Amino acid sequence: MDNLISVKGLHKHFGNLVAVDGIDLKVQKGEVLGFLGPNGAGKSTTMKMITGFLAPTAGSVAVCQHDVANDPIAAKTRIGYLPEGAPAYGEMTPTSFLDFVADIRGLVGRGKTDAIRKAVEKINLESVMHQPIETLSKGFKRRVGLAQAILHDPQVLILDEPTDGLDPNQKHEVRTLIKEMAPEKAIVISTHILEEVNAVCSRAVIISKGRLLFSGTPAEFAAHSRYHNAVTMSVASGIAASIEKTLAVLPDVSNVESTEIDAELTRVTAIPKDNKPIVENIQNCIQQHNWKVDELFVEPGRLDEVFRTMTMEAESIGEEART
Amino acid sequence: MSRTLIILKRELSAYFATPVAYVFIVIFLLLTGVFTFHIGELYERNQADLEPFFRFHPWLYMLLIPAISMRLWSEERKAGTLELLMTLPISLVEAVIGKFLAAWCFTAIALALTFPVWVTINYLGDPDNTVILAGYLGSLLLAGGCLAIGSFISALTKNQVIAFVISFVICFAFNLSGFPLVLDMFSSWAPQAIVDVISSFSFLTHFESILKGVVDIRDIIFFGSLIAFFLYANVLAIEAKKGS
């Protein structure tokens with residue numbers, strides 16, 4: 001079996017607060033699973049239970065077939081974990097910090113030197129190896145945390161907001177790194193950045209109020225958007241109004257939205273009924289009326305919109321249940 | 001290298017990576033000097049022993065040990081490094097013992113640096129060095145007891161100031177528990193057996209008997225079981241508090 005992470009019926013209560021309310025998950029080798037969800041949804045708490053930091057109120061977690069509760073050391077040996085905020089000992093330098101983690105991980109001699117060198121090269125830490133971690137920038141602190149997590153080349157990587165606080169170039173580097181490592185590992189990342197799901201994840205789950213609302217590929221996720229298969233075109237602002245009217249009456253078009261980009265250009269979006277493909281109809285229409293169109297594309301769906309709809313629905317259901 | 005030793009090594013170097021270690025050692029040596037020579041009147045007594053040196057250690061430790069122990073766990077919890085530490089392949093017991101031993105080694109270093117006092121007394125007279133050795137052993141055990149208490153308290157709060165103050169008060173109470181000040185609070189209502197138990201917890205009584213050069217196994221057991229008890233409580237406290 002290639003199921004490297006298997007989570008069954010996971011619950012976590014803090015007093016009266018239900019942080020995680022029945023989560024089931026399986027992550028296989030080669031998968032990059034993205035945890036999405038609003039703040040306080042239970043993403044970090046779930047990760048803390050997978051990595052054995054918190055004990056679940058109910059349910060179980062197995063990492064590489066080792067139960068995290070009964071055999072914590074065996075499970076933890078196989079996990080690399082970047083906790084939220086990338087905590088590290090501030091007075092240590094990356095050199096001494098990575099050396100410490102390597103010692104605890106049981107790396108010795110040549111293997112240890114190689115492991116540290118490889119991690120430092122992958123994460124581009126060379127330039128700050130001898131500065132106290134507390135004096136490093138947010139981006140470098142995060143990278144020290146990442147280096148620590150991949151040091152022992154673990155089968156399972158759990159990364160809580162790995163790109164938070166990084167600049168766009170660093171984000172790109174980290175995403176590339178994750179993709180490079182993906183074939184050999186099971187990786188779970190949490191993120192607020194929805195584009196990251198498309199960029200690195202092979203599967204996404206949405207967590208809200210401690211429950212799984214959705215699980216699927218990024219494309220399936222986008223397909224939940226009412227913009228899925230919508231057609232957007234840029235046209236001269238002068239003719240935008242008449243185009244809107246014409247498109248609105250086409251069969252399978254539910255409604256038309258437009259946004260003015262500047263005085264000359266307006267972007268018109270035709271939203272289909274039930275996500276039906278409408279691009280052909282619209283192309284015909286454009287030819288018939290001989291409109292001059294600057295750009296035209298079919299939308300895969302808007303992730304932020306799906307995210308909002310799903311999580312807001314969950315919240316309103318939650319509130320109804322409470323009243 | 002065992003994982004406890006790895007933790008010990010990291011913790012000990014953490015003391016010396018910040019000014020904490022140097023400030024502590026300087027203050028400790030300064031205060032032992034003041035107590036020994038001015039208040040204890042080592043010279044004026046005209047006796048070749050270190051009783052005036054050791055006699056004040058319980059009171060010094062009560063103040064200084066909480067300054068060492070306060071950061072042990074509250075800093076880990078506050079900085080979030082506890083989560084990192086507890087998700088590495090290491091057991092909580094190993095971590096608790098490793099951190100405690102690091103703090104204990106550190107106080108042993110500070111204590112060892114008082115050797116000029118020992119040199120002085122050997123230069124001036126002809127002391128019984130086995131009694132002095134027993135004094136150092138007793139002092140180390142006492143420091144260990146205070147550290148275990150401080151480590152446990154540090155696990156209960158993320159605030160180092162609170163950890164310091166509460167550890168100070170508890171060490172103070174252990175020092176005083178053979179004195180009427182503490183015993184009178186209990187003797188009016190508690191049965192005599194309980195009052196006896198409380199008075200037997202006195203650091204001073206156990207420490208002073210070691211100072212006389214009589215290393216009684218019961219005194220060693222007392223400090224040993226005190227340390228074991230508070231370290232066990234420390235493990236439970238981290239288990240209970242780590243999520244918050």
Side-chain angles (χ1 to χ4, degrees), chain A residues 12-15 17 19 44-45 47-57 63 66 68 71-93 96-97 99-108 112 132-134 144-145 148-149 151-152 154 158 160, chain B residues 1-24 68 71-99 102-103 106 155 158 160 235-244:
Chain A
K12 182 71 190 176
H13 300 182
F14 295 108
L17 181 85
S44 290
T45 308
M47 288 184 155
K48 284 173 195 197
M49 288 190 280
I50 295 175
T51 53
F53 179 59
L54 293 180
T57 310
V63 171
H66 296 277
V68 173
D71 197 0
I73 302 286
K76 286 170 184 177
T77 307
R78 289 161 175 84
I79 302 175
Y81 178 38
L82 173 72
E84 195 176 7
Y89 295 105
E91 79 282 349
M92 297 180 102
T93 62
S96 55
F97 180 63
D99 191 70
F100 163 69
V101 175
D103 283 341
I104 291 267
R105 294 271 182 205
L107 298 166
V108 283
K112 175 173 148 184
I133 294 172
E134 63 197 356
V144 171
Q148 162 277 126
L151 193 61
H152 54 305
I158 312 283
D160 202 345
Chain B
M1 199 170 11
S2 100
R3 290 185 287 234
T4 307
L5 280 180
I6 297 164
I7 296 284
L8 190 160
K9 189 180 121 196
R10 197 212 76 75
E11 282 292 321
L12 199 57
S13 55
Y15 283 113
F16 289 98
T18 59
V20 174
Y22 305 102
V23 171
F24 178 88
I68 295 290
R71 51 166 289 285
L72 277 176
W73 291 100
S74 51
E75 196 178 44
E76 295 263 357
R77 282 182 57 201
K78 187 157 191 172
T81 44
L82 181 65
E83 186 169 350
L84 182 84
L85 188 63
M86 292 291 95
T87 49
L88 290 172
I90 175 172
S91 78
L92 185 50
V93 173
E94 289 170 319
V96 166
I97 294 177
K99 276 162 109 42
F106 177 69
K158 284 183 193 174
Q160 296 196 26
V235 170
L236 297 185
I238 293 290
E239 278 293 349
K241 289 271 186 178
K242 66 184 178 185
S244 59

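Just so we're on the same page: letters track the sequence lines, and every chain starts at 1. All values derive from a computational prediction rather than experimental measurement.
No side-chain donor from either of A:Gln148 and A:Tyr81 sits under 3.5 Å from a side-chain acceptor of the other.
Looking at A:Ile104, the atoms closer than 4.5 Å to chain B (heavy atoms on both sides) sit in the backbone and in the side chain alike. Looking at A:Pro83, the atoms closer than 4.5 Å to chain B (heavy atoms on both sides) sit in the backbone and in the side chain alike. The contact between B:Thr18 and chain A is made entirely by side chain atoms (from C-beta outward), counting heavy-atom distances below 4.5 Å.
Of residues 72-82 of chain B, those residues with a non-hydrogen atom less than 4.5 Å from any non-hydrogen atom of chain A are, in numerical order, B:Glu76, B:Ala79, B:Gly80, B:Thr81, B:Leu82.
Counting only distance, with no hydrogens or angles, the side chain of B:Arg3 and the backbone of B:Pro89 share a donor-acceptor pair below 3.5 Å. The main-chain N or O of A:Gly106 is never found under 3.5 Å from a side-chain atom of A:His152 such that the two would form a donor-acceptor pair. A:Lys12 places a side-chain N or O within 3.5 Å of a backbone atom of A:Ala55 that can act as its donor or acceptor partner. In terms of modelled atom types and a separation under 3.5 Å, the side chain of A:Lys76 and the main chain of A:Thr51 share no donor-acceptor contact.
With B:Tyr15 as the aromatic partner, B:Arg71 meets the cation-pi criteria of under 6.0 angstrom to the ring centre and within 45 degrees of the ring axis.
Taking the charged nitrogens against the carboxylate oxygens, A:Lys112 and A:Asp99 do have a contact shorter than 4.0 Å, which makes a salt bridge.
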